[in-house]
Asker: 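To start, I am sharing the structure in question, which I have written as structure tokens.
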Amino acid sequence: MVEQVPGKVDMDKLVSLCKRRGYIFPSSEIYGGMGACYDYGPLGVELKNNVKKAWWKAVVQERDDMVGLDASILMHPQTWVASGHVEGFADPLADCKKCKQRWRADHIKDGKCPSCGGELTEPRMFNLMFKTFVGPVEDEASVVYLRPETAQGIFVNFPNVITSTRRKLPFGIAQIGKSFRNEITTGNFIFRMREFEQMEVEYFVKPGTDEQWFKHWVEERFNWYINLGIKKENLRLRQHDKDELAHYARDCYDVEYLFPIGWSELEGIANRTDFDLKQHAKFSGKDLSYYEEETKQHFVPYVIEPSAGVDRSVLAFLADAYDEEKDKEGLRVILRLHYDLAPVKIAVLPLSRNETLLPLSKEVYNTLQKCWMVQYDDAQSIGRRYRRQDEIGTPFCVTIDFQSLEDKQVTIRDRDKMRQIRVPIEVLKSTLDAKLNGEPMEVLPSGGKKWLGFEQ
Ligand code: ATP
């Protein structure tokens, strides 16, 4: 059972919609599932890709001071000694003496088992990194780890990127990729998984300018969620207390979202100082300092790190978009996803399965398919098909009716207010393009007209 914030979409409802409509499935379900692992279905993979695309666009494509990277998941084991993960990436684990369940001791308030009230063992530290072996011999010398964060792949490539791109400070490296943590307590759907994806930036700056760049990234990252439709009242920044900060961090803010389970971390933005580069210089014996031509100085840059979770973002976007409206036919469920995030942008719906509508409908479908993810649906009544599209968050439906065969016009219906306009097929693509980019429905293309019968 999951906890639930009153007034927020019920987590169970969201989980069930995700399963039913093909957003997210439990992993290896036919074998009874795999704890804290999930699979993204046909719609989920589109949504997740769109989240990653939107992030990449904001932090790499639209900036002059950022480049990308895709480092390997398996890294030299010394990486994790240098980063401190072998020594310190651990949570306190306590077992219930009665029901044998395991808990994170630091998450328990009264010292009793949250499940049965039993007595707990003394906590012992449990390293969260997954271990495996390279090569055929399973001995200590061949131990490697599945990375618990993507950041270290960026740090160790700092000299490669500098020499290959001739970048000058300040600049940053962005990476999206899988991370693995053997979390002790899981649950809450895709909020805490053992295999998940991160979107991380390491932004290298001259010491002394770090506070200004830290502020910049905190603002940038907060606004990214707002610009993608998260409601302001559901998002907040929380500064870490001094005793909560990692020993190397000078400052840290969490972007928190009001999930159905309560306010929780969505992303962390930390001023990591020169800790990581210095550690890797020490353990590798390589010089990881930066040479500033203007001042003829060598120094180790400071690093600002915005670190976000893809899956937590997906959960936040889904939870924020979920809406229900009562109407004549019962309940309309709508996913009001930002258009850039919606898995399917347009649905092409012939009014009926009548054969005469088929050629034109397929022609429209095939044209639009070249530009966007489009669904073709001719099963059941038009009303039901609109509802199906609303429930998966499709911004626009295009309906082809018998009149379309004569006047070469089709109807566009929007998801959020169910407004309808009728437009010539020859301007359909450009009209949809404009609408997907935020042009109001009321703006009609030349030759277009309002379809009064369905006006809301
Ligand atoms: P938490 O306190 O929730 O365990 P964290 O502070 O350990 O998170 P970071 O190490 O700062 O997390 O990782 C950066 C981001 O990666 C988090 O803000 C979150 O979005 C994501 N993340 C971390 N652990 C997980 C996980 N087990 N499942 C899904 N996403 C995760």
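The residues of the chain are indexed from 1 along the displayed sequence. One-based numbering, in listed order, for ligands and for the atoms of each. Side chains included, hydrogens not; waters and symmetry mates left out as well; all remaining heavy atoms used.
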Asker: Give the atom numbers and elements of ligand 1 that come within less than 4.0 Å of a heavy atom of F191.
Answerer: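 That gives atoms 28 (N), 29 (C), 30 (N) of ligand 1.
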
Asker: Could you tell me if the side chain of V374 sits less than 4.5 Å from the side chain of V348, heavy atoms only?
Answerer: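 V348 vs V374: side chains touch.
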
Asker: With sequence neighbours left out, write down each residue that passes side-chain hydrogen bond (donor to acceptor under 3.5 Å, both in side chains) with Q279, or none if nothing qualifies.
Answerer: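 Result, side-chain hydrogen bond (donor to acceptor under 3.5 Å, both in side chains) vs Q279: none returned.
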
Asker: Considering only the protein, which heavy-atom contact is closest to atom 2 (O) of ligand 1, and what is its distance?
Answerer: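 I find the closest protein heavy atom is E265 OE1, 3.8 Å.
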
Asker: Under 6.0 Å from the ring centre and within 45 degrees of the ring axis: does the NZ or CZ of R312 meet both conditions for the six-membered ring of F191?
Answerer: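 The answer is yes, since R312 meets both limits relative to F191.
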
Asker: Numbering the atoms of ligand 1 from 1, which are under 4.0 Å from a heavy atom of E267?
Answerer: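 Per the distance check, 18 (O).
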
Asker: For atom 10 (O) of ligand 1, state which one of E197, Q198, R181 supplies the nearest heavy atom.
Answerer: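 Considering heavy atoms of E197, Q198, R181, the nearest to atom 10 (O) of ligand 1 sits in R181.
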
Asker: Strictly under 6.0 Å, is that where the ring centroids of Y257 and Y225 end up?
Answerer: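 No.
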
Asker: Is there a side-chain contact between T295 and K206 (heavy atoms, below 4.5 Å)?
Answerer: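 Result yes, sub-4.5 Å side-chain heavy-atom pair found.
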
Asker: Which is it for L266 and ligand 1 at heavy atoms under 4.0 Å: side chain, backbone, both or neither?
Answerer: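 Answer for L266: backbone.
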
Asker: Please say whether the positively charged group of R221, taken as NZ for Lys or CZ for Arg, lies over the ring of W224, i.e. under 6.0 angstrom from the six-membered ring centre and within 45 degrees of the axis.
Answerer: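 The answer is yes; both the distance and angle limits are met.
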
Asker: Looking at S307, which atoms of ligand 1 are within less than 4.0 Å of one of its heavy atoms?
Answerer: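 With S307 as reference, the close atoms of ligand 1 come out as 13 (O), 14 (C), 15 (C), 18 (O).
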
Asker: Answer with side chain, backbone, both or neither: which part of E183 has a heavy atom less than 4.0 angstrom from an atom of ligand 1?
Answerer: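 Contact part for E183 vs ligand 1: side chain (C-beta onward).
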
